[in-house]
Amino acid sequence: VQLDESGGGLVQAGDSLRLSCTVSGRTISSYVMGWLRQSPGKDRELLTYVNWDSNNTYYEDSVKGRFTVSRDNAKNMVYLQMNSLKPEDTAVYYCAAGFLYGAGRFEYAHWGQGTQVTVSS
């Protein structure tokens, strides 16, 4: 399974970006799909995930209400719409494919190389 993120860039605070994740090698309908990010000096953190039929989503508190995850199983793609971006959103963003285990714990087996998002103040 190969995941390729795109859509990152340099934006100003308050702007929006839409990240895309193109998946090849296996249909994403088998997976829960998520987005994570990692800032310099910090651990990688889970931002959001969406289950196979999009009726179960999770958002980390800092992005709730600003970020929206979506998926298109027919196109084998996942998206992250990011609105009202803040400087603290600056990070490398990763798409991931995995599964949910008890109490909504997302464990991912595959991830991409990431796309850089930089938000200036």
Side-chain angles (χ1 to χ4, degrees):
V1 179
Q2 183 173 342
L3 296 85
D4 293 301
E5 302 92 341
S6 61
L10 172 63
V11 297
Q12 293 186 331
D15 285 351
S16 298
L17 274 178
R18 187 193 195 206
L19 305 184
S20 298
C21 175
T22 303
V23 183
S24 57
R26 190 166 181 177
T27 175
I28 65 169
S29 60
S30 303
Y31 294 102
V32 174
M33 300 300 299
W35 287 92
L36 303 94
R37 70 184 178 191
Q38 187 168 20
S39 305
K42 295 186 178 180
D43 293 335
R44 192 171 297 183
E45 62 173 338
L46 174 66
L47 299 179
T48 180
Y49 63 69
V50 56
N51 74 331
W52 73 275
D53 63 359
S54 303
N55 73 352
N56 181 17
T57 57
Y58 160 83
Y59 293 95
E60 195 271 332
D61 285 347
S62 68
V63 304
K64 198 174 295 184
R66 300 189 298 124
F67 291 11
T68 303
V69 63
S70 61
R71 62 190 291 162
D72 187 331
N73 291 339
K75 294 183 178 180
N76 239 35
M77 294 193 68
V78 187
Y79 307 96
L80 183 65
Q81 178 67 43
M82 305 187 296
N83 298 329
S84 302
L85 283 162
K86 304 175 182 180
E88 51 263 44
D89 294 318
T90 295
V92 178
Y93 285 70
Y94 300 89
C95 176
F99 302 96
L100 289 180
Y101 298 91
R105 187 177 81 255
F106 177 60
E107 293 191 6
Y108 52 97
H110 310 281
W111 61 95
Q113 292 191 339
T115 185
Q116 176 71 46
V117 173
T118 303
V119 185
S120 64
S121 57

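Source: prediction; values computed, not measured.
Side chains of V78 and W35 form a contact here, defined as non-hydrogen atoms less than 4.5 Å apart. Between L36 and W111, every side-chain heavy-atom pair lies at or beyond the 4.5 Å cut-off. Between N73 and T27, the closest side-chain pair of non-hydrogen atoms is not below 4.5 Å. Counting only heavy atoms from C-beta outward, the side chains of D89 and M82 never approach each other to under 4.5 Å. For the pair T115/S6, no side-chain contact is recorded, criterion being any heavy-atom separation below 4.5 Å from C-beta on. Using a 4.5 Å heavy-atom cutoff, the side chains of Q116 and T90 are in contact. Residues T68 and Y79 form no side-chain contact, since every pair of their non-hydrogen atoms from C-beta on lies 4.5 Å or further apart. The shortest distance between side-chain heavy atoms of F67 and T48 does not fall below 4.5 Å.
V92 and L19 are assigned to two separate hydrophobic clusters, defined by single-linkage of ILVMFWY side chains at heavy-atom distances under 4.5 Å. With hydrophobic clusters built from ILVMFWY side chains whose heavy atoms lie under 4.5 angstrom apart, V32 does not share a cluster with V63. Taking hydrophobic clusters as Ile, Leu, Val, Met, Phe, Trp and Tyr residues chained together by side-chain heavy-atom distances below 4.5 Å, V23 shares a cluster with L47. In the hydrophobic clustering of ILVMFWY residues, with side-chain heavy atoms under 4.5 Å counting as a link, F106 and V50 come out apart. Both F99 and V69 are members of a single hydrophobic cluster when ILVMFWY side chains are connected at heavy-atom separations under 4.5 Å.
Residues K42 and Q38 approach most closely at O-NE2, 3.1 Å, considering heavy atoms. The shortest heavy-atom contact between S29 and W52 is O-CB, 3.5 Å. Nearest heavy atoms, L17 versus G9: CD1-N, 4.1 Å.
Within the model, atoms CG of L80 and CE of M33 stand 12.0 Å from one another, a figure rounded to the nearest 0.5 Å. Here CZ of R71 is found 9.5 Å from SG of C95. Values are rounded to the nearest 0.5 Å. Taking CZ of R37 as the start and CG of D43 as the end, the distance is 13.0 Å to the nearest 0.5 Å. How far CG of N76 is from OH of Y31: 10.0 Å, rounded to the nearest 0.5 Å. For the atom pair NZ (K86) and OG (S121), the distance works out to 14.0 Å, reported to the nearest 0.5 Å. To the nearest 0.5 angstrom, Q81 atom CD is 12.0 Å from R66 atom CZ.
A parallel orientation is assigned to the rings of Y58 and Y49, their planes being inclined by less than 30° (bins at 30° and 60°).
By the 4.0 Å N-to-carboxylate-O rule, D61 lies close enough to K64 to be salt-bridged with it.
No side-chain donor-acceptor contact under 3.5 Å links N56 to the backbone of N51. Remark: the backbone N or O of M77 is not paired with any side-chain donor or acceptor of D72 at under 3.5 angstrom.
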Should V119 and D15 be marked as a side chain to side chain contact (heavy atoms under 4.5 Å, CB included) after you check the CA-CA gap, both sets of side-chain angles, and the distance that decides it?
CA-CA 8 Å; V119 185; D15 285 351; over 6 Å; no
Check the pair Y93 / E5 against side chain to side chain contact (heavy atoms under 4.5 Å, CB included), numbers first and verdict last.
CA-CA 8 Å; Y93 285 70; E5 302 92 341; over 6 Å; no
